[in-house]
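Contents: one structure, followed by commentary.
In the text below, chain A, chain B and the rest are named by the order of the sequence lines, each starting its count at 1.
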There are 2 protein chains.
Amino acid sequence: MMAIRSDAARSRERILTAAREQDSSTLRLNDLARETGLGVGTVYRHFPTVHALVEALAYDTLIRMRDLSREAAAEPDAEVALASFLRSALDLQLADGGLQAVLLSPDDETDDVRETKREIFATFTAVLERARSDGAVRADLTVEQLEHLICGIEHAVRLGSPADSEPFLQIMLAGIRP
Amino acid sequence: MMAIRSDAARSRERILTAAREQDSSTLRLNDLARETGLGVGTVYRHFPTVHALVEALAYDTLIRMRDLSREAAAEPDAEVALASFLRSALDLQLADGGLQAVLLSPDDETDDVRETKREIFATFTAVLERARSDGAVRADLTVEQLEHLICGIEHAVRLGSPADSEPFLQIMLAGIRP
DNA sequence: GCATTAAACGGATACTTCATCCGCTTTGTG
DNA sequence: CACAAAGCGGATGAAGTATCCGTTTAATGC
């Protein structure tokens with residue numbers, strides 16, 4: 001059996017490196033081909049769609065999110081745990097412009113991404129459940145709603161300055177209490 | 001001097017009518033030409049860009065927003081006035097998918113739109129000012145921040161169901177209190 | 001009515017962007 | 001070193017975008 005070929009690994013890295021210098025919302029596969037000196041065919045074989053590339057770019061951030069989720073879940077105080085989880089999620093989504101799309105997409109390109117997302121959502125559910133039974137959040141709030149709210153806050157911060165991040169998060173945290 | 005020609009008025013209405021049947025985020029000027037039976041040149045003369053068309057489509061909603069703003073500002077209780085203003089803004093933005101872009105755009109196509117937006121923001125500023133001096137909202141919150149938060153909530157609601165609108169608004173209203 | 005002309009109309013067409021296909025090249029293995 | 005299997009490249013066709021200009025039409029003045 002044949003391992004991953006060295007030229008393919010090199011091409012892949014060249015594409016990812018070039019893509020990291022761009023805004024994920026305006027990525028153009030043909031442009032990356034020109035910038036890297038690779039053929040368009042090569043770029044499209046590695047990443048058949050822009051979303052496949054965005055997902056590959058976001059994978060490191062996703063792993064970081066999983067790790068921070070675990071840490072948040074280990075926090076004894078349920079309300080602190082939830083706040084910590086939400087702050088991490090918001091910070092990472094602001095740092096990685098493609099993460100929101102990856103988190104919300106129902107179709108993951110790779111099993112690694114699917115499994116990592118699964119763990120993050122499971123942890124999130126547990127943290128919210130604990131906060132709920134402590135009476136620290138509104139009883140009717142679901143994980144999906146909170147996820148959407150974080151995406152909304154991300155959007156709001158992007159409309160203004162990154163400095164709005166913390167005040168907006170505080171407003172959300174204050175607002176979700178019973 | 002020549003008034004607006006009747007054929008031009010008819011073409012304009014045909015385009016607007018056809019455009020209203022579509023999602024404002026996926027409007028295609030060439031498609032509208034085909035659907036209306038008009039030439040592409042005609043469509044592009046009336047609306048040189050998609051944004052020009054979106055703005056024309058949103059104008060009625062914008063007028064409605066201005067009227068509801070005036071009503072909210074007439075409310076004696078400052079906190080109720082602010083809540084009323086924000087609820088109207090959210091509802092209208094959810095009803096008109098192009099309104100957010102029109103409100104946030106710094107470049108308005110027509111003077112009517114510019115003037116209407118100016119009045120809405122002036123009213124909004126006055127309502128927020130009054131709520132602030134009543135101690136009904138956080139002292140450091142600006143009009144821009146609140147505007148962005150409403151856009152964020154709109155985004156969050158669009159990610160889920162319209163039924164999330166009221167709970168999300170409640171969370172925001174609770175969160176912006178001191 | 002009819003002539004005049006400014007304005008509007010239409011759609012061919014040039015330009016840009018997107019994604020595939022397939023002949024050629026490179027890599028790793030026996 | 002031969003020979004698959006995998007990867008590479010870029011010409012190319014399909015799709016979308018927007019302009020230009022010759023033709024038509026509506027309003028106005030006589």
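- Remark: A:His46 is in phosphate contact with D:dC8, judged by side-chain N or O atoms under 4.0 Å from OP1 or OP2.
- Atom pair A:Leu32:CG and C:dC18:P shows a separation of 11 Å (rounding to whole Å applied).
- Two residues, B:Arg10 and B:Pro48, neighbour DNA chain D, and the one matched to the more 5' nucleotide by heavy-atom proximity is B:Pro48.
- B:Phe47 places its CZ atom 18 Å from the C1' atom of D:dT17, with the value rounded to the nearest Å.
- If you take CZ of A:Arg14 and C1' of D:dG9, they are 12 Å apart, rounded to a whole angstrom.
- Inter-residue side-chain proximity for B:Ile153 and A:Leu149 is flagged as met; some heavy-atom pair is nearer than 4.5 Å.
- Across D:dA27, D:dT17, C:dT20, the shortest atom-to-atom separation from the side chain of B:Asn30 is found for D:dT17.
- Computed from coordinates, the B:Leu29 CG to C:dG11 P distance equals 16 Å when rounded to whole Å.
- OP1 and OP2 of C:dA8 both lie 4.0 Å or more from every side-chain N or O belonging to B:Thr42.
- Among C:dG10, C:dT20, D:dG7, the nucleotide with an atom closest to any side-chain atom of A:Asp7 is D:dG7.
- For the OP1/OP2 pair of C:dG28 and a distance below 4.0 Å, the side-chain nitrogens and oxygens of A:Ser6 include at least one atom meeting the criterion.
- At the heavy-atom level, A:Leu38 lies under 4.0 Å from the strands shown only through sugar-phosphate atoms.
- Residue A:Ile4 is the one, among A:Ile4 and B:Ile4, whose nearest nucleotide of DNA chain D lies closer to the 5' end (criterion: closest heavy atom).
- Contact check, B:Arg5 against D:dT25: no side-chain N or O comes under 4.0 Å of OP1 or OP2.
- Between B:Leu128 and B:Thr125 the shortest side-chain heavy-atom distance does not fall below 4.5 Å.
- For the pair B:Ser11 and C:dA8, the criterion of a side-chain N or O lying under 4.0 Å from OP1 or OP2 is not met.
- No salt bridge links A:Arg64 with A:Asp67; every basic N to acidic carboxylate O contact stays at or beyond 4.0 Å.
- Spacing between atom CZ of A:Arg45 and atom P of C:dC18 amounts to 20 Å, rounded to whole angstrom units.
- In the set D:dA26, D:dT17, D:dC8, the nucleotide with an atom closest to the side chain of B:Arg28 is D:dT17.
- We find that B:Asp7 and B:Arg10 are not joined by a salt bridge, their nearest charged nitrogen and carboxylate oxygen being 4.0 Å or further apart.
- Distance from the side chain of B:Tyr44 is smallest for D:dT19 among the nucleotides C:dC18, D:dC8, D:dT19.
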**Request:** Just do the side chain to side chain donor-acceptor pair (under 3.5 Å) check on A:Asp112 and A:Thr110 with the steps written out, would you?
**Result:** CA-CA 5 Å; A:Asp112 281 350; A:Thr110 72; 5.4 Å; no
